[in-house]
Each structure stands twice: as structure tokens, then as C-alpha cells.
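Here is the naming used below: chain letters follow the sequence lines, and residue numbers restart at 1 for every chain.
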Amino acid sequence: MPAREGTYGLLAEFDTPSDLVRAARKAHQDGWRRLDCYTPYPVEEAAEAIGFHRNKVPLVTLIGGLMGGAAMFAMETWISVVAYPLNIAGRPTYSWPAFVVPAYEWTILWAGLSAAFGMLALNRLPALYHPLFNAPNFRDGATTDKFFLCLEALDPKFDLLETKQYLQSFAPVSVVEVEY
Amino acid sequence: MAQIFDRSSNALARASLVLTGLIVIALGVTLDQLQRSPWVTRQGQRPDQPVPFSHKHHVQGLGLQCQYCHVTVEKSSYAGIPPTKTCINCHAQIWTNAQLLQPVRDSWATGQSLVWTKVHDLPDYVYFNHSIHVNKGIGCASCHGRVDQMPLMYAQNTLQMEWCLNCHRNPAKNLRPTSQIYNMAWEAPSDSRPVWCNAAPSESGVPTAQSVNCVTKDPTTAGPQMASLELPSAGAAHLVTADMTSATMPAMPVYQKFTSQEQLGLYLVKHYKIRTPRELSSCEVCHR
Amino acid sequence: MATSEIKIKDPGIDPATGEFRVVAPELTFRSVTDKISHIVLTPHTPLGWLAIFGIAGGGATLLLVAVTWLFLKGVGIWAITQPVAWGFAIINFVWWIGIGHAGTLISAILLLFKQSWRNSISRFAEAMTIFAVVCAGMFPLIHVGRPWLGYWLFPLPFTMNVWPQFRSPLLWDVFAVSTYATISVVFWYVGMIPDFGTFRDRSQSKMGQYIYGMLSWGWRGSVRHWMRYETASLLLAGLATPLVLSVHTVISFDFAVAVLPGWHTTIFPPYFVAGAIYSGFAMVLTLAIPLRKFYHLESMVTERHIDNMGKVMLATGFIVAYGYGMEAFMAWYSASHWEAFMFWNRMFGPMGWSYWVLITCNLAIPLTTLWSRKLRTNIPFMFFISLVVNTGMWFERFVIVVTSLYRDFLPSAWGTYRATKWDYMTFIGTLGLFTALFLLFVRFLPMIPMNEVRMLLPGAKIKPKAAVEAGN
Amino acid sequence: MSRDAMKPTTNETGSTVGNNSDSTIQPASGQPMSLAAVRSELKDVKGKRLWRSIDELANTPEFQAAVEREFPAAAQEWVDPVSRRGFLKLMSASMALAGLAGCTKQPDEPIYPYVKAPEDLVLGKPMYFATAHPFVTGAVPLLIKSDEFRPIKVDGNPDHAYNRGSSDPFSQGTLLGLYDPDRSQHVLFRGENHEWAEFAEAFRLKLAASKDGSGIYFLSETITSPTLARQWKAVQAAWPKATLVQYDPAIAGSTAEQGIDTQYDASGADILVSLDADFLSGAAYPGFHKLVRDYAVRRKQPENGMNRLYAVESTPTTTGMKAEHRLGLRASEIPAFTAELAKAVGVAGVNPPAYSWTAEQQKYLAVLAADLKANAGKSVVIPGLYQDPSVAALALAINNTLGNIGKTVFVNEQPLNPIPSDQMAGIKALVADMNAGKVDWLVILNGNPIYNAPADLGFSEAFNKVNTVVHLGSHLDETGQISHWHIPAAHYLESWSDVRAYDGTVSIVQPMIDPLYGGRSAHDVLQALLDEPMLSAYEAVRATWKPVIKGDFETGWRKALHDGWIADTAFSRTGKPQASLPQVPAPSPKDALEIIFRPDPNIYDGRWSNVGWLQELPKPITSLSWDNAAIVSGATLTKLGLEEDDIVELSVAGNKVKAPVIVAPGHPDNSVTVYLGYGREFAGRVGSGAGFNAYLIRTTAAPLYATGSLKKLDGKWGIAITKSHYQDHRGARFGQQGEGNNSLEADEALGPRGIIRYATLEEFKSNPNFAHEGEGHDTPAYDESLFPNWVYNNNAWGMSIDMNSCVGCNACIVSCYAENNIAVVGKQQVRIGRNMQWLRIDSYFEGDLSAPRAHFQPMACQHCENAPCEQVCPVGATVHTPEGLNTMVYNRCVGTRYCSNNCPYKVRRFNFLLFSDYETESLKLMRNPDVTVRSRGVMEKCSYCVQRIQEAKITADKENRAIRDGEIVTACQQACPASAITFGNINDKSSRVAKLRANKRSYQVLADQNTRPRTTYLAEVLNPNPELEETPVEHAPANG
């Protein structure tokens, strides 16, 4: 948890994704690391620009899926062979082909849930309160048609006045200071 | 455009997520416990009875044998609830005007049944047969508990299907010699309390109940040479087949010594011809 | 509002890129957002909506009545009997599940194939899936003789120590359908999170801000989030695709695994899936055509969409036709008397009429007309076709279930089947329930994924790197 | 949940759960109550007691009034017993929803121990007592299974020489008759409750007043009890003017009314000829049980030769359908045909009326005569009951001429019935006296003349001219309703009496239970007029047999009761046939429409109208249930421009009745068969309103068959036929001869499906393996499976059914009803195919439907080793036991019905609604306590009587021995008079069933599905006369 007083960062607003990408790339090149972009729809270039290349969601999904499948198949086998073995239609107790189907379904079920909730968890959501929402123009634009670059106060290079000018140099629509 | 949610809401949101998970788990555990709880099974509950009949007093105190009242337990699926007559047999002489026994005397006078409440009440679709259990070495106490220590009757066990299967899947651990069926105090053999058994040859058509003869006192008192006949060592006792013993010693019954329930259990399973767990846990055994 | 000719006509080709446009060119980020948010955030509810919702609600009530009576008296109030022990309930179940499939197909499979045109219809296609699954999922439960024991189908540690029997296709259904429902809901919800964010920020009422705020989990559009989000959506799509194929395969097992002539067929899985998609797209059309008219969404749900869906139906329709063909062929080629008699009976037996209804609705009408682009882009005609195909697919299930059962191995045990009023009430009831749910969705949730449509807009193009360096 | 699958609760004393005064609810009597009131009534009743309260409350008139007010639609539903119960359930359920029922825990169950326990009673162990079912055509010796002194199963007496343990639908059905909740329960005088003593008093005063008994008339059913006859003689001695009239509508006017005096021993006969004698389909024909056994025993080993059956009949019956050669004639043609036959075999002094026989008929006659002559002394000619007396006389003459008398045919010294009489004349005279005002008191003993007296007598009008009518009857029936005195009659399982079996052997009828409703027997009524009016029937019966029983009486008496018969009381069979031959009536003109009256194969003359089992039982040949009908041939149907189920008006001599019309394959043209016994008004909740009353067109002039007319009316009747019957219209393209003459079902079953397999004797001899060759007849090899075979190394239960012996008499089905607590579902449910019989008799009509051959195949669960049903059950409610039973675990079933869909034999039955009756107390007494009563939403099916298997296993295990072959007998097997069913351990190679399975004729139905049924069938072998080509052979595998 970051400190709860003072400045969270400086927020520059742009009209087009292109401007945002340009600014973000520049800032990243200039050594900014605690920075983030906010867009109304996924802009891959922006992510590239701030050096965000890969994420862990696929791994989480894989693990979830394998666990689901294994769990179900194991349970089926245990139930039919160990727990209460019965002669069903003269079939063997270990009728593995039949067991494949539910195991398959559970693989998908667990994988899907892991993907969704893994994504949210990795995104540190839910975060109903966020400093950015304090910015007067953020909520109006970020989810509709505006593109934001935020340089955060935690970055060692951050200095309220210099950074403000630095951002101005990208000719944004506006630069505002975001309080915690 | 300001914040909608207060700072605390993040923590709150996450907490509530965790809580939801916990509640679900808790609910599951509760239900799982509930289905086995006395509230459902009536285990250990003592329902109101017309007469506070004490098994403790009659069995332990007076030493009545189970079959004195439950006459058909060896012959029929029902053990049998004694008719008022059975009570009156004695209570015509003793406690003739005890207040507690008023309902009994009324019943005897009016010819109206005493209306008891079932304590061991199986669902109607379960077909339990006392006789086969009693004839194959399941003692009363195995299911009904130490009745001789129950002032008021209650169900010792849940009588749920899992409980039945528990034994049907491994009868050996509950079997006892048929001579000990009604012995409330019977305990599994141990080094301190060994049991000696000999079995009639399996092909001799004697009823299973009589096919094994067990004693709790050492029958081989005749000294070392006699004891030496007691072959082989108790450890491997259950491996000896009955016909072998009968073959070797036609005249003198060969006793085997048992110092643990599982030895005895396996021996009795063999000689009582207890059916296999697969057969005993087949549906039609109890449901028709 | 855009000018009328644009919204009726095909948006045509984008001169800049030379690609087909899927949405009208004049749309901007804000106009899209306004248009879609307005439908939900406007305080006043259109009268038309209320009217239809009233009717649908009536249908749903009918269902409630039917099911209550069913629980009180037993499944005997339906027409099911010996030997036809399955009837409307199973038919409706398969039919509804089938309808659901198009939704997943559009949102998942077309996403994998990068068919960007699906963006604007994916959301309500998914909604359709979920509500169809709701209707479908109800039937397996209520059709059993003792519904209150339905929980025995789940492997839970009861005191009986008895467990489900995993060789039974019905049990496979339990897992297939429950998984399908869960994944669909998750996929649907995850897709809506950013749009909830938009609603949160655009809602005027405190209430709306709170509700949508919570639903959005505090989404703020960080590109890092977006990247994980994209991966997750892609993965979900990748999972939903094999899932949707497996679900109807498993349902076809209910029949294919049985020994009954007419059920015991290896062709079932593929042609059930194809049939599902066939009827599913029909249902999408049935819903989309009135919606775009009612809410003036022609600029986002364009003729191109209708046209494409027509093509998909044509394709799946032919797979289905192949399925029917193979059944007939095998009846002859297998030289099995059981098969031969079954098929003769299916066509010319006392219930032969149902087979011919099916052929007319599924093959004769659509497969002859959908070839023509003119007809495919003729909105009223496509609406009509969609209804025809839905009917046909319902009868396909009727034919499979009933005409296979009522005359099987032992002639002495042959019987017949005549549906009762309760059967019809239940079926109509689910139609009502489905519509009602869908209307609620349209009113309170983003029926078109704004974030996905934004990507289709010209404004979303990033200027080439050089230009960026040069600074315009 | 205990209600979902509940067995009739027999607590420790066997007093049933009905015993629940602890939770009775007294609605504010008088003023009608609303459902709100009902709820408030139930407020204080907690869940566990509610179950009973609802039922009790629901039976209060106030409640029913409330229901009819609040659910007018349902008020009419109230009538049908089944839906009425459904409605009750609905009410309790809706109240449960209204929050009345608390938790769903099992309710506390009370125990009602005896005060003094009976000596010989071992609770849980049934006891068996011998008795006999008194029946007008000869008593059926019985052995009753009694659980805690409640008779719960009726079966034949296995030690009795006559039926050897076999029984029939009637006898089986009488059990439900005993517990019939609609039996009358009080002595009534002018509708008000009175005491028996009051009646006896009034009666005696009356007689005393009449001095000699003049004006006192008795109208009794046929008297079969020697004791009753003795008592009557005593009455007559005391009151010489008192008059006795016997009237049994079923036999009145038939040759049986004079008392059956001929016995047949068909076991010695190579040729059997039935002249309209339906001796294979039910106890209605004297000696049924013995005749079937004798018939079947000669067909069990074709390799050792078989008998041959010719049947000439006027309406299709199982007898005709089993015959090698069947000739359908109109009823009036049969006497003439018999005369021709007699002439042909050389009976002296017969002059057949002139009649133009068709070529086919002449050929048949010639061949038959030749065959008879060739087998003189080794043949038997059996005349029909419902034929002109000349047929019986001629048949006897033929047998005499052929020298069969003393070999296969015997004449009794005395008739079966102690007091033979001309019943038609009797009732005619009675009505005349009634009209003449001579009848002062009319005492009706177990009769129902208002309902079944001949139409032309106007009995009901005459009835009003009688001062006092006394009605002794089991029900407050049509007659009881308007009689002055009504006395509830005791059921034969409730009272002492005595009867004679077919061979004359006397059986003592002993009560199994105290009269449920204080019923009285005819013995009591007559005894009330004698010197010791209080003498019990028991004493009377003992008095009758004291002189007969040799040695110490008490010992002999006890032996008689124990064995079920009195030794050496059979008739001497050395009688001689009387020489004179009666005049033979000429057949009616060929174009005249004949109407044939027959007692119903299930409910006989209507006495069992209220027995649900028999009502629901599909009748042989037509598979008609819950109705009677005008049965015609297909040709006649088309000729009259009718369709099945049309309503027609039958009229005879001006009397009319409305009836539904149906087709029976092989019915003679221009001829209609109607069954008596239906159209009851006051039969009870089950029988009232079913069918139409054929007595309305039955006259004294023509009680057996009459010429009449038939007119089509508008509308459909709505009959319930339990089997589909389509004509085969498939064109040659589909490989069948589909001209529409054949039955589609039969073409399929006998053709490629290989369900029915048979051969003629020649074919069988030339190719004993015929059952396994030809299309659809192949069986997969045992290892032909993807799975390792499941081994059954201990007991392995299996059943073998001999298609050659089965005569389709339905006894097995009714026996199954009783043994397995099978529910009766009602006509509406049967109509849509929901009848619950675990066992059905599939009948396939081969060849041209105008002259078919039928094949009867008892079909129940086959207990497949690879059971398709088991694999698809999601909860494992149907599984295989280590002994190879396919068990159905009712209380595990959730009711997906998938098993039924996947059962190739469609033998599973589903409780679509709450079919079992949980309300009626008397029925709870009847239920088999060893079998669960299935509730709504549960699948059920034949279990091979698993309860009997388990009982035998427990006994054997206790005795430390293996189960003996034949120790376990299934209910169907027990009832079968033909011993067509064999059950046992197929792993024990010495068991009878194993031997039968090894037989070359043994085949599995649908073997090609590789379900490996445990039930196998022995293929039929027919013994046709090569002279007569009509045997259809195209399906015989040898050339198939």
C-alpha cells in the first residue's frame, strides 16, 4: 500500500491514441518506470511503449485446467473402483473412456475460472477506490474517448514542477496533479 | 467527477470476496455434519415411552436373557417386541401396584396394546433381518450397544446406510462366536483374554450357528504334550482349514487359540461361510 | 442520428485500408458510447419495451404455473408414457442448448478467427446463450420423476455412501451443461467489465454509479490491465470453443450411446453441433433484426452482419443436410433390419408427418434461398427464414426423440405419443422466460460491447511510427 | 422421504399404520369448511403427524365439499379412483407448501405389541393354510399365504391332485376381492343400520307366520357347497312350501347348469378337438387347470411326440389360437358341424341339418374325422359350455364311438353341483310368481338379479311386487340398493364352507381372517331357519363330513384342513353316457348377424367388477382392458363401414344397448361377441361405469347366442387396448407382403427380428437346431464383446419360458400383481400406455388376420447380463448383483426414465403419477410386506421375485447348505397351470432351468443385441396335420 498523503502522480490527457503512444514511448525511453497509460479500449502499442510485454494469465490458466481435469478423473476412478464398485451392465469398474468426458469438462471449467479470476487478481482488482478517480477529467474521458498518461510520484525521477513541464512538452490536452 | 467509493471500499470489497468463499465452505461442512447429526438420526435420543422400561435393570440387574422378551430374534427378521403378557408374567407378583407400571396393568386389563415408540427405526424400504445376523455371529451389542447399561433405551448407532456398509464391507471386525451373541460384555480376544475355537468340518451339514465351538478358558489343560498338539502357532491359526484339523484329529477336537479380533474374525468368516463383501454390499441384500 | 441511407445500406469498403467496413464510417468513440449508454442509462423506459415485457412476463408466469402443477402431480401430467418415456422436456432441452451455441460461437470462435465484424453482435449473442442455457438447464431437473432428489446427481459425500454412475451420458450432461453455463457467464461478465466502467462514469444517478461501479470492479483502463484482460479473453475464447463443441457432442451422446435404432448413430455429434449452430444463428437473427430496428442500431448491426450470418446458416445447414443424408444412407447400407425399419417408420409411419415438416423447414426452404445475396440482405425475409429454421430444428429433435422411441425393438411394446396442454404450456413458458430475461438484459446491460466497437472505428488507428517520430 | 418408497408398514403386530387415532382431526362438523379452515385445522399438527392428518381430513365430507367448491374442475376428477388419490396427494402437497408440514424427517413410528401373543405366530414368518375357492364350474384348491393372520397371497394347493399348485386369474383376483374397500359393511334395513339378530328374528317370525314356508322364495347363486345343500334340504323338510331358485347368469342356459358330469384326461390323448370349448383360457371352463396341464405336458418334449389340437370355435380364444388347426364358425353352425362330424366318425342315428358348408369347412371336417378315427381311443373331443346341449351330447357320443370313454373321457356317477337345476326355467317361474303376487319374502343369496336377470323377464318390475326382499351380498349392488334387507356377505376367505373340485374331491373352505365387516354366509341364513339357528357354519360343515371322514374324526378333520381336501371323496368315474341324442338345431341363415354372449374372461359374470387387477388385466386375444366391447371380424367391420372404437347399438328382440366395437383377429364374419359382467352401476369405485351391460340384450330364449342387429351411432367410446395393432401396408419395396391382411407387428416379430421362432414337428425333427438358423436368429459368441466377461461363479439366477406350453391365460400376471404390490392405474392411464404390469403376455397374430395363428410370449425383465438400462442410469439405481439379477433400487431412483428408453424389451414400468394407493386402509392389509410399495416418480420392473430369493438365501445360509433347485419359485411360475415357466440357478448344471437352457430350442429374444438375457425361451414346435395346408410356414426358419 502506497502512502495515503500527497501526490499520486501527474496525469496528462490526450485526444488520440497516437499522441499517447508517442508520449508514453518517450517517457519510457527517458527512464520513467513508474508510469501507466489509461485508454477506453486496449491499445497494445501503449503497453509496448511502457515496456509491458508479457503477463502470467496463461500460466495460471494452465495450472487451473490441469488441476480440474486430474481432480475429476481421480474422483471418478476412486468412486467406481474403490468407493463402491458395482457391476454396471457387465462393464469393467474402471471404464476409463466414460470417465474422460466429465474430466474434460472440468479441465475447461477450472481453466476458464482461473483465467478470469486470475486476470482480475493480477490486475489487483477490485479497486473501487483509486486516486486517479480524483482527477477531475479522468472519469469523464478514460472510459469513453480520452487517452491518459500518468507519471507516478513514486518514480525517483518525479518532481512536481519538472515533471509537469516534461509532460507539457508532449502537447497534451491538459496536465493535472492527482492527489491520493 | 469525483470518487464514488470511499477509501475503505477496496479493503471491504476484497474482504467480502474472501468471506463469500468462506461462507460457502462453512455451509457445506454444516450440511455434511447435519445429515449425520442426532437431529436427523435420532441417535442417542430417548423418546417418551408409556413405561420408563429400564434394560439396565432387567438385563444387568436381573440378568434376563435377551430372548426372554425378544423371542423371535433367531428365527425371524423381527426380533419381536414382548406382549404385555411377558411383563405380567412377573409383574403379577412383584411391583403389583407400582405407579410406573399402571399402563402395563391397564393394557393387561383392557386388552389395549402398550404403544411404544420405535427407537431403532429403519426406513420402510430397508429390509433388515435379525435372524441371519444373529446366526452368523453378530452380537446384539454390536448394533444396539451396551443395552445392559441403558436405563432408558436409545439408539447407540446412526443406523444410516454408511454405518451398515461399514460392517457389510468388512464383517470380520465385528464377528464373535455365536455362543457369545447375547453376551453384552463380550470383548474382542487379546493376549490377556484369548479365545479357543474348534470348528465342525465344513461339509457336515450342521447349521452355521453350531458349526463353531468357542471357549474362553483354555481347553488344553492336560499339560505340555496335549498343548503341543495344538498346532500350529496361534499366529497362523486362521490359515489352518477345518477339514485339515478334522482329518488330523477326528476324535479329539483341535482348538485354535486366538488373541486378536482379526484372527478370530477371519476364522469365523470362513467357518460361518460369511458371504464376500461384494455380495454383502449388493443392493438387493437390503432393498427390494 | 446518422443519415438514413447509410444506416440501411451496407457500410461498404473503407477507401483508406481497402477493407470491408463492418460499422458505419461516421461513428466516433463518443457517439458510439453515447448511443449505447443512452439505451441503458436513460431514466425512461420505452413503452414498446414495457409492452413486450408484459407479454413475455405472461409467458413466464405460464411456465411457473405449469411447473408448480408438475411438482404437485408428477411428470404424468405430460404426454410421456411407455414406450415414449422422453418427450417435450428433452426436446426443448436439446433445442434450447442448441440455440445457445451460436452465441458462444460468435463470441469465441469468430474472435479466434479475428472476425472483427462479430464485435458488435457478440454481446447479445452471449446473452442469448446464457438465457437459452437457463431455459435448457431447467428441463433436465424438472423432467425427472423426483426432482427434489436431483442433488443425487452430484458426487457428494452422503450418508448412503452411494455415488453417481459415471457411465451414464446423463451424468456427462450434468457436467457439460453446468460447465457451459458457468464459462458462458464468466466470459460474458468479463467482457462487460470495461463497459460497466463506462456506465459508472456516465451514469447520472448515484445509484447507477454505485451499482455499475461495483460491477466494474473499479476498472480504470490501465493498459497493463488491458493486456491481461485481452489475454484472458483470448484464453476464454480458446476454452469456450472446444467447450461449445463438446457440449452438444455430449448431448448427442444421450442418444448415440443408447442402443435404440435411430439414436445409436455415430453421425450424431457433428450433426448435432452443426444443427445447434444452425438454429443458434437463426435465433440471433430473430433477436437482432427487431432490436436494431427498435433501438436504431443499424449503423452498428449492419446488413453485412445479417449477410454473414446468412452465409453461416447456409454452411451449417448443409452439414445438417449431410447428417440426414447419412442417416438414410446408413439405414440402407448397414443392411441392418433395425435401422431400415426405423427409417421406413420415421418417414412413412404414423408420425411420418413430423419428419417431412423437419425436411421442409430445415432443408427445402432455407438451403434453396440462402444462396442469393439479394435474399440474404432482405431483412424481412431473413427474419422469416430464422423463424422457419427454429421451427425445423425443434422438429428435428422431436423426430429423433419420439419417432425413434414409439416403435422400437419389440412390436408388442409399440405405442404412440400425443402432447398434453401442460407440454405446450411449459414450452411456451420457456419462450416467455427467455424473452423476458433478454429484455431485462437489453434494458440494464450494455447490449453492444462499446470497448470492442471502439476498436473498429477509424479513430483507433495508430499513425505509423515514422509519423509519430516526426510529430505529425 | 420415507413416503417416497414405502412398504405397507407392518409394525411389530402387523396392525397397520392406519392405527393413528393420535392425530385424528375433527373438523367443525356440520357447516362446510373452506380450505382456510382446513389449514387452521392443521395448524397445530406438526409435520410428522401431518401425513396422516391430511388423509383423514381429506375423507371428511366437509373437506370434499370444500374441495368441490374451490376446485370445481377437480370435482369430477374425484370420481376416478386413481386421479382422486392423485388429488388427495395434491392437497396434502399444496398444504405442505402452505407451510404446514414441518421437517422432512422420518416420522416417529409407533409399535403396537400384542397383549397376549398367539402361540404359533412368528412375526415376519408367513404361514400357509389350505382352503379352496368355491367356483361355479368347480372349486379351485388353494394354499393361502398369511402374514400375521392376513391373507396376502392366493395360490393353488401344490399337493392337490387336481391343480398341483396352479391357479388362474379368478382365484388370484379373489384376494383383492376380500380387501375391496367398497364391500358393504352393515346389515341394513331400508337403508338404516341394523343387527343380524334383528333380521334373523324377523325372518323366523315371518316363517312361523307362513306355517309351511309358502311365499318364501330363495334366489341363490348356484349352490356348490354340499353342506349348504344339506342345510337347504333341512329347510325344505321344515318348510315344505319354501322354494329355491338357483341362477348364475354365466352358466344359466349352458350345459354347466345341470352340473358338470364329464371329466377329461387329455394327457393320454394324441388328438384334442375343441367344439367351441375354451378350455385353455381360464377357470370358466370346468377342469381348466387339469386340462391345461394335460395339454402342456404332451408338448414339452416334441422329440418324444406331441399331441395335436383342433379347434372349431365361434369366437377367437386362446384355445383356438393355440390349435394347430383352427376353424372359425358362427355359433349356430357349430351344432350342425358337430353332427356332421359325429356322422363322419360313425356315430349311429345322427341326422345333421342340411347346410351348405364351404369347401374349406368340408375339407377340415373330412381331415378331422379321419384323424380322429385314426386315433380312436387316443383322442378326446371336448364340447363347449356355451353351446346347444346337442353339442355336448354329440361330443360324448363321438368319444363313445371312438372308444375314448374310460381312457381319455370319464363320466361321473353324480354331477358336480349338489342341486342341479334348469336355471333359466327357474328364474322364469320365479318372476311369474312374483308378478302373480305369490312371493312374500324373496331371499337373494349372493345374487344380483336386478343387474343380471334376463332382459325379457322384467325382473325389476316384478321386484316391486314382492313384500320383502332380503339381499345377502358382498356389495350394496344394484339389487342391494333397492332390497329391504341387506346383509353383508362374508368372503370365502372369511368363512367356513365346503366345495368339490373338478374331480369331486371335497375341500374344506376355512377362514383366513375374521370377517372384516361382520359378513354372513348363506350357511348362516339357512341355518337361521333351523332348529339350532345359532349353529355356526363351522359346526355345520363338520356335521356334514363326520360320517364321511374315516377313523378318528378329529384327526381326520385336522388332516383334511391341513391337506386341503378330504381323502377318497372324488366321484367314481364309471358312469355311462346316455344313449338318446337330442335334436340338432339348424344354423341361422348365413347373412344373419349373430350375437354371442360369453362371461368376461377377467371379471366373469360381473362378480369381480370391482377387482382392479382383473379390470386392468388385458383380455386374451383383444388386449382390451377396463371395458367390454362388440367384438367383430375385420371383414365385418369394413362391411358395416365401422372403425374400431366406434359406438354401435346392438339390439336383440327389441332390447338395445350401446357398445364400442373392436376387431378380434380370426373372429367369424357376421357375428359379434359380447362379454357379460360390465356396465355395473353400483359395483364400487373401480367397476362402476366400466363397459356396457350386455345382460340388457340377453333373453331367456337365447341366453348363449342370438340373432340381432347392429347400428352405427355417432362418437367414439374411448376403449383402452394395451397393445398396438397395425396392419402391414408396407409395399414390396420394403420387403414385406404388405397387402394389409397381416399384422405389422407379427410380420416383424416372426420375420427378421427373430422374436418368435417356431417350426413344425417335421422341420424340428429334420433340423433340431432351427431356432438358431436363419435371418435374425443368430446369437453372438460369448466372448464377442469389447469388455472382459463378468464372471458369476456362485448362484446365477435364470428363467426359461416354454412357448410351447404357454396358453396365454394371464394367471401369471395377476399372481405378479399380488406378489409385488403392483399398482392399478385406471382406464385413462392405460389408454395412454401407462399400465404397470411387470409381466405382459405379448400375442402376435401370424398370417392373414382373418384366420391367424397366435403366438403367446410372456415378457418381463430379461435380466440381461449386459443390461442396457444399467449403463445409462446416472445415479446407479439399477445395477447388477453378484448373482446376475438386474436389481432396481426404488429408493435410489430419481426417475430420469432413461433406462426405460434404453431397454430393448420395454419391460420397465414408471410411476408417472402417484399410482400406489396410500390411503385405503383395507388395501394396506393386503400388501406383501416384503416388497416396497413404489411411490410417484420411481421406475420399477420384474425383480425375479427377489424377496423370495433373499428369503431362500437366508434360510439356506442359516442351515449351512446350498439352495436346492426348485426351492425358489417365482410368483408367475407358481401360478402357471402349464408349468411353462422355470426358474433356478443356471450355474448348477443339474438344475431344471440349466437343462432347459441347454436345450437346442432354447433361444434369447433379441440375442443379436448381445444383451445376454437371463430369461430364455423354448421355441415352439407345432404338430400340424399335413393334410391341411393352412399352416403358414413361410416364417419357419428351415425355409426362411
Under 4.5 Å, counting heavy-atom pairs only, tell me which of [options] racks up the most with chain C.
options	value
Ala115(A), Pro17(A), Ala89(A)	Pro17(A)
Ser95(A), Gly141(A), Ala46(A)	Ser95(A)
Leu122(A), Leu86(A), Thr61(A), Thr107(A)	Leu122(A)
Ser80(A), Gly65(A), Pro58(A), Ala24(A)	Pro58(A)
Met75(A), Arg124(A), Met119(A)	Met119(A)

Salt bridge flag under 4.0 Å for residues [X] and [Y]:
X	Y	answer
Asp30(A)	Lys157(A)	no
Asp15(A)	Lys146(A)	yes
Asp155(A)	Arg34(A)	no

Given that the side chain runs from C-beta out, which part of [X] has a heavy atom under 4.5 Å from chain C: side chain, backbone, both or neither?
X	result
Glu45(A)	side chain
Leu20(A)	neither
Phe147(A)	side chain
Leu128(A)	both
Asn123(A)	both

Between Phe268(C) and Phe253(C), is the gap from one ring center to the other below 6.0 Å? no
Please check if the distance between the ring centroids of His130(A) and Tyr8(A) is under 6.0 Å. yes
To the nearest 0.5 Å, what is the distance between OG (Ser114(A)) and CG (Leu62(A))? 9.5 Å
[X] side chain near [Y] side chain, heavy-atom distance below 4.5 Å:
X	Y	answer
Lys26(A)	Tyr166(A)	yes
Pro42(A)	Glu44(A)	no
Tyr212(C)	Val40(C)	yes

Is [X] close to chain A through its backbone or its side chain, or both, or neither, when contacts mean heavy atoms under 4.5 Å?
X	answer
Leu239(C)	both
Ile193(C)	side chain
Glu452(C)	neither
Ala460(C)	both
Thr33(C)	side chain
Pro169(C)	neither

Checking heavy-atom separations under 4.5 Å from chain C, one finds in residues 96-105 of chain A Ala98(A), Phe99(A), Val101(A), Pro102(A), Tyr104(A), Glu105(A)
Assess, by modelled atom type and distance only, whether the side chains of [X] and [Y] contain a donor and an acceptor separated by less than 3.5 Å.
X	Y	result
Thr28(C)	Asp145(A)	no
Thr129(C)	Tyr180(C)	no
Asn134(A)	Glu179(A)	no
Gln209(C)	Ser203(C)	no

ring-ring contact (aromatic ring centres under 6.0 Å, His included) between Trp226(C) and Trp219(C): does it pass, once the steps are laid out? CA-CA 10 Å; Trp226(C) 273 122; Trp219(C) 183 264; 4.9 Å; yes
What do the steps show when you test Arg202(C) against Asp34(C) for salt bridge (Lys or Arg N to Asp or Glu O under 4.0 Å), and what is the final call? CA-CA 9 Å; Arg202(C) 305 183 60 80; Asp34(C) 288 335; 2.5 Å; yes
For the interface with chain A, which of [options] has the highest count of heavy-atom pairs at distances below 4.5 Å?
options	answer
Asp195(C), Leu235(C), Thr182(C)	Leu235(C)
Pro242(C), Ser222(C), Pro194(C)	Ser222(C)
Arg220(C), Glu230(C), Met455(C), Met227(C)	Arg220(C)
Gln165(C), Met450(C), Met214(C)	Gln165(C)

Using a 6.0 Å cut-off, check whether atom NE2 of His28(A) has over 12 heavy atoms from anything other than its own residue. yes
